[in-house]
Amino acid sequence: MPELPEVETVVRTLGPLVIGRVLGRAEVLCPKILRQTPAAGLAELAGRRVRSVRRRGKMILIDCGDLGLVFHLKMTGQILVVPAEAPRDKHTHLVIGLHDGVPRRRVAGADAAAADELRFHDVRKFGFCRICPSGELASAPEIAALGPEPLEIGLEEFRARLSRRRGRIKSLLLDQAVIAGIGNIYTDEILFGAGIHPLTPVERIRRPRIEALFMEMRAVLERAIDAKGTSISDYVDAQGSPGGFQNLLRVYGREGEPCIRCGTAIRRIVIGGRSSSFCPKCQRQR
DNA sequence: AGTTCCCTGAGG
DNA sequence: CCTCAGGGAACT
């Protein structure tokens, strides 16, 4: 599932494939995935040059001058850059032409440069794309509501944000308004590393352990980015390559297997409808 | 704070 | 056939 490290990897692989290139015609094969995007907005994309590709939380922001594209991959979304002639499948929902700069005058009879396509692909159709004026990007509801970036926030701000809230630590780390970009896999990995039971009320976690949590959050996310994300079901980067962090997971998806630290069987519980794996010995409920 | 829903493919 | 996976919005 694309979380911060996967989205970061998509952004890093997508950027070089699209920045400086010009968008062509957009084709919507599944209108459901367009959020608050009038057909006119789509038509206006054609001819615009891609300026930048950035990430905010789990959102992908593509700046095309005065128009911006926002993608959220949710669980099974993919953004791919492929040759225009590559076959599509039934889960390809949005296609935007992509070509190199448009010369002022085309040489008669010259072949058009081989064109690529930027494609949004999503088996479950939970993901979406929004097109809006660049000036409205920051105020788009999905972005305005996000908490700070976990790799940019400092320890004191992290601690302050958590201390303002009540509730289970797992639910808070998953809450995008508290901190942006962490999902189910990395929450479990971070809590394991910090030795905190996922159901622990945040107000019961003492300062030294909050510090351990902060360090672990940074370490896990950075390691996962280094490994180019976790590919369990559908995740691939903009070139279609899988990540490698699934081989480095310490607790997620390891229910019943021995804890890598103490050998105790990893247990799984459901919190807020999400499965949570943890070691009952290394992550004692305090 | 917990439940339901969206959606589809995989696995039982 | 049934159940499960899951981000996040909407609802209870």
Side-chain angles (χ1 to χ4, degrees), chain A residues 1-11 28-37 55-61 70-79 88-94 119-130 139-147 149-150 162 164-191 197-204 221 224 229-236 242-243 245-246 249 251-256 266-278 285:
Chain A
M1 332 302 138
E3 303 179 28
L4 187 153
E6 291 75 35
V7 178
E8 180 64 28
T9 305
V10 170
V11 163
V28 182
L29 305 157
C30 174
K32 176 191 186 295
I33 60 99
L34 286 181
R35 183 178 289 193
Q36 291 173 22
T37 298
R55 178 188 62 76
R56 178 73 176 92
K58 301 176 194 173
M59 321 275 311
I60 295 167
L61 314 176
V70 181
F71 285 94
H72 195 308
L73 305 177
K74 289 291 181 87
M75 276 114 56
T76 55
Q78 302 173 337
I79 292 181
R88 298 174 186 176
D89 70 28
K90 61 177 172 175
H91 304 302
T92 301
H93 305 314
L94 172 67
R119 296 183 186 172
F120 178 68
H121 181 279
D122 190 352
V123 169
R124 294 187 196 163
K125 299 181 184 172
F126 285 8
F128 64 84
C129 172
R130 171 207 291 280
S139 58
E142 307 92 341
I143 296 165
L146 294 177
E149 288 291 323
L162 287 183
R164 253 179 260 136
R165 306 289 295 254
R166 299 181 63 83
R168 295 165 170 168
I169 187 60
K170 165 129 183 179
S171 307
L172 289 183
L173 291 177
L174 284 175
D175 186 339
Q176 303 299 296
V178 172
I179 195 143
I182 300 175
N184 204 39
I185 295 175
Y186 295 108
T187 309
D188 282 3
E189 293 298 309
I190 291 165
L191 290 174
H197 190 289
L199 290 176
T200 309
V202 69
E203 60 271 23
R204 296 236 314 263
L221 295 176
T230 301
S231 292
I232 291 178
S233 58
D234 299 73
Y235 168 71
V236 291
F245 201 70
Q246 62 280 6
L249 294 173
V251 274
Y252 180 85
R254 298 193 60 241
E255 181 187 13
I266 297 298
R267 204 170 286 165
R268 191 180 75 95
I269 57 176
V270 174
I271 304 174
R274 298 294 171 258
S275 79
S276 302
S277 301
F278 65 101
Q285 204 158 7

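Each chain gets a letter, A, B and so on, in the order its sequence line appears, and its residues count up from 1. Computation of the quantities below employed the complete heavy-atom set of this structure, encompassing side-chain atoms and omitting hydrogens, waters and symmetry-equivalent molecules.
Each end of the helix from B/dA1-C/dT12 to B/dG12-C/dC1 gets its own axis from five base pairs, and the two axes differ in direction by 50°, given to 10 degrees.
A/Arg130 meets the side chain to side chain donor-acceptor pair (under 3.5 Å) test with A/Gln36, A/Glu142; sequence neighbours excluded. Applying the ring-ring contact (aromatic ring centres under 6.0 Å, His included) test to A/His121 and every residue at least two apart in sequence or in another chain returns A/His91. Partners of A/Arg88 by salt bridge (charged side-chain N to carboxylate O under 4.0 Å, His left out), not counting sequence neighbours, listed by chain and number: A/Glu27, A/Glu117. Qualifying side chain to side chain donor-acceptor pair (under 3.5 Å) partners for A/Gln176, counting only residues two or more places apart in sequence or in other chains: none. Applying the ring-ring contact (aromatic ring centres under 6.0 Å, His included) rule to A/Phe128 yields the partners A/His72; only residues at least two apart in sequence or on another chain are considered. Under the salt bridge (charged side-chain N to carboxylate O under 4.0 Å, His left out) criterion, A/Asp188 pairs with A/Lys170, not counting sequence neighbours. Residues satisfying the side-chain contact (heavy atoms from CB on, under 4.5 Å) criterion with A/Thr76, sequence neighbours excluded, are A/Asp122, A/Val123, A/Arg124, A/Asp234. Partners of A/Tyr252 under the ring-ring contact (aromatic ring centres under 6.0 Å, His included) rule, at least two apart in sequence or in another chain, do not exist in this structure. Judged as a side chain to side chain donor-acceptor pair (under 3.5 Å), and not counting sequence neighbours, the contacts of A/Arg56 are A/Glu149.
A/Ser275 comes within contact range of the sugar-phosphate backbone alone, with a heavy-atom separation under 4.0 Å but no base atom that close. As judged by a 4.0 angstrom heavy-atom cut-off over every strand, A/Gln176 is placed among residues touching the sugar-phosphate backbone only. Residue-level contact check: A/Arg268 touches the backbone only, with heavy atoms under 4.0 Å from sugar-phosphate atoms and none from bases. At the heavy-atom level, A/Tyr235 lies nowhere under 4.0 Å from the strands shown.
Considering CG of A/Leu73 and CD1 of A/Ile60, their distance stands at 4.0 Å, rounded to 0.5 Å. A distance of 9.0 Å separates OG1 in A/Thr92 from CD in A/Gln78, rounded to the nearest 0.5 Å.
Chain A approaches DNA chain B over the interval B/dA1 to B/dG9, counting the first and last nucleotide 5' to 3' with an atom under 4.0 Å from its heavy atoms. Nucleotides of DNA chain C that come within less than 4.0 Å of any heavy atom of chain A span, from the 5' end to the 3' end, C/dA5 to C/dG8.
Checking A/Gly167 against A/Arg124, the closest nucleotide of DNA chain B that is more toward the 5' end is the one next to A/Gly167.
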